[in-house]
Amino acid sequence: MAGEKNVGLVLLDFWVSPFGQRCRIALAEKGLPYEYVEENIMAVKSDRLLRSNPVYKHIPVLLHDGRTITESLIILQHLDQVFPDTRPLLPADPYERAHARFWADYVDKKVYGSGSKMYTEPQMQTNIEMVDILKTLERELGEKEFFGGEHGFGFVDVALIPFTAWFESFDRYSFKKKSFDRYWGVKVAEVAPKLVSWAARCQERESVSNSLYSPEKVYDFAGMMRKDFGIE
Amino acid sequence: MAEPVKLIGCFGSPFVHRVEVALRLKGVPYELIEEDLNNKSDLLLKHNPFHQKVPVLLHGDRPAVCESLIIIEYIDEAFSGPSLLPSDPYERAMARFWAAFMYKCKDSMWIALWTDGEVQAASAREMKANLTLIERQLPEGKKFFGGDTIGFLDIAVGGIAHWMGVFEEIAGVHLLIEEEHPALCRWAREYILDETVGQCLPDRDRVVAALTPRKELYVSIAKAMAAQK
């Protein structure tokens, strides 16, 4: 990228990973150039990945000035701290920061925790849980445009938006009605309509639309994972 | 006039202890409200409807802050006093990483404590490997993860210093062994001896007595975790 200061950032990532996408969105929101490295984690993991993240051996990994930072929410906070002149993801007020961290943690524990069972559970045991989780997020969003409230698109928005490709309504994309509802047993548009509108608003941001893949691609990926797990 | 700080907790919880240590290190006076987790109060359910757990921090009129590590970061940012997190951004990221690692370790630790046979043995091996990874984060020649004084990571790992012994006694299993983890055991002793920690460390025998009746519950949780693996 001509004329851009090299800030020495490298992101080891995997195209469909929602955790990797969080980092891509954050870097784009901050206008930070970086080298994107696709790690094929479905095959043999590269030496670089294993060296950079020996504990978990997973992406995303941020390399910055010879150091490695792992875990997406930690990476996001690190970017805020190291590049203070860029658009902040977390607000300045300590209570608001705690509030944002709580909800991002909720996404990790609940949305990912419950959602990842779709790989391993043939029947929809998780749909009741997921309805509850979606309704909780809907209430937290309330009438706000973004979870960041008066600060706009922020930490919690970045934390949650990548997961929406895994449940987003198909109306926007006019696919055939072969949908995630079958996997999750949840009609998100009925259970959490505000969340669906929020997701659409997020998609209008270039940082998001450039980082996320269509639900169809994600659906194909999920289908493949379920086959790998012997579910179908 | 400082706004009042209240901490909703319960006796014997290592997570509540984490928050008490943080408040005391920052010199923040607080009122401790003890919950009976078998009979959760309206106060707790109102302030933490999502997880319904302790600890919960109430600072003035603000809505509650929940989840112990999030509470500690809040305390560090909202109050003056010695910093709990490192100021260097990379060191800060590392402290957060290893604190979060403690959460990921909990399953193997629980299974290693409360099951038996090959399942227990496999989890014990995994847990000990995790302890080795944590042990390696101790800076050379220093008493604590935070250096000369207790910091964020010491607080996050602190449960091991006191509660590991408690659970080992109730379970009849010995997992944190001096010969296998000498530096971590040394750290644990320093942590327990620290004056601030001592002010809010519940009496070991009382904790054993309070938690022993929960053994069956712990065993069933461990079995469910093992089945999910």
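Protein chains get the first letters and strands the later ones, always in sequence-line order, with residue 1 at the start of each.
Between A/Phe102 and B/Tyr74, the gap from one ring centroid to the other reaches at least 6.0 Å.
The shortest side-chain heavy-atom distance between B/Pro63 and A/Tyr95 falls under the 4.5 Å cut-off. Inter-residue side-chain proximity for B/Phe97 and A/Val55 is flagged as met; some heavy-atom pair is nearer than 4.5 Å. No side-chain heavy atom of A/Tyr106 sits under 4.5 Å from any side-chain heavy atom of B/Glu67.
A salt bridge does not link B/Glu73 with A/Arg97: none of the charged nitrogens is closer than 4.0 Å to a carboxylate oxygen. Using a 4.0 Å cut-off between charged nitrogen and carboxylate oxygen, B/Arg62 and A/Glu96 do not count as a salt-bridge pair.
Heavy-atom pairs under 4.5 Å with chain B were tallied for A/Leu73, A/Thr70, A/Thr136, A/Val82; the largest tally goes to A/Thr70.
At a heavy-atom cut-off of under 4.5 Å, chain A is reached by B/Phe50, B/His51 from residues 49-58 of chain B, listed in order of number. Residues of residues 134-163 of chain B lying under 4.5 angstrom from chain A, judged on non-hydrogen atoms, do not exist here.
Within 6.0 Å of the NZ atom in B/Lys6, the count of heavy atoms belonging to other residues, nucleotides or ligands does not exceed 12. For A/Lys144, the NZ atom sits in a packed shell: over 12 heavy atoms of surrounding residues, nucleotides or ligands are nearer than 6.0 Å. Atom CG of B/Asp42 has 12 or fewer heavy atoms from other residues, nucleotides or ligands within 6.0 Å. Within 6.0 Å of the CZ atom in B/Phe15, the count of heavy atoms belonging to other residues, nucleotides or ligands does not exceed 12. Residue-environment remark: NZ (A/Lys45) exceeds the threshold of 12 foreign heavy atoms within 6.0 Å.
Only the side chain of B/Arg92 comes within less than 4.5 Å of a heavy atom in chain A; its backbone stays farther off. If you measure heavy-atom distances from B/Tyr103 to chain A, the contacts under 4.5 Å come from the side chain alone. Looking at A/Asp105, only its side chain comes within 4.5 Å of chain B, counting heavy atoms on both sides. Only the backbone of B/Ala64 has a heavy atom closer than 4.5 Å to any heavy atom of chain A.
Remark: B/Ser87 OG to A/Gln81 CD distance equals 8.5 Å, nearest 0.5 Å. Here the CD atom belonging to B/Glu77 is positioned 9.5 Å from the CG atom belonging to A/Asp93, to the nearest 0.5 angstrom. Atoms CD1 and NE2, on B/Ile70 and A/His99 in that order, are 11.0 Å from each other to the nearest 0.5 Å. Rounded to the nearest 0.5 angstrom, B/Tyr90 OH and A/His78 NE2 are separated by 9.0 Å.
Residues A/Ala98 and B/Val65 approach most closely at CB-CG1, 3.8 Å, considering heavy atoms.
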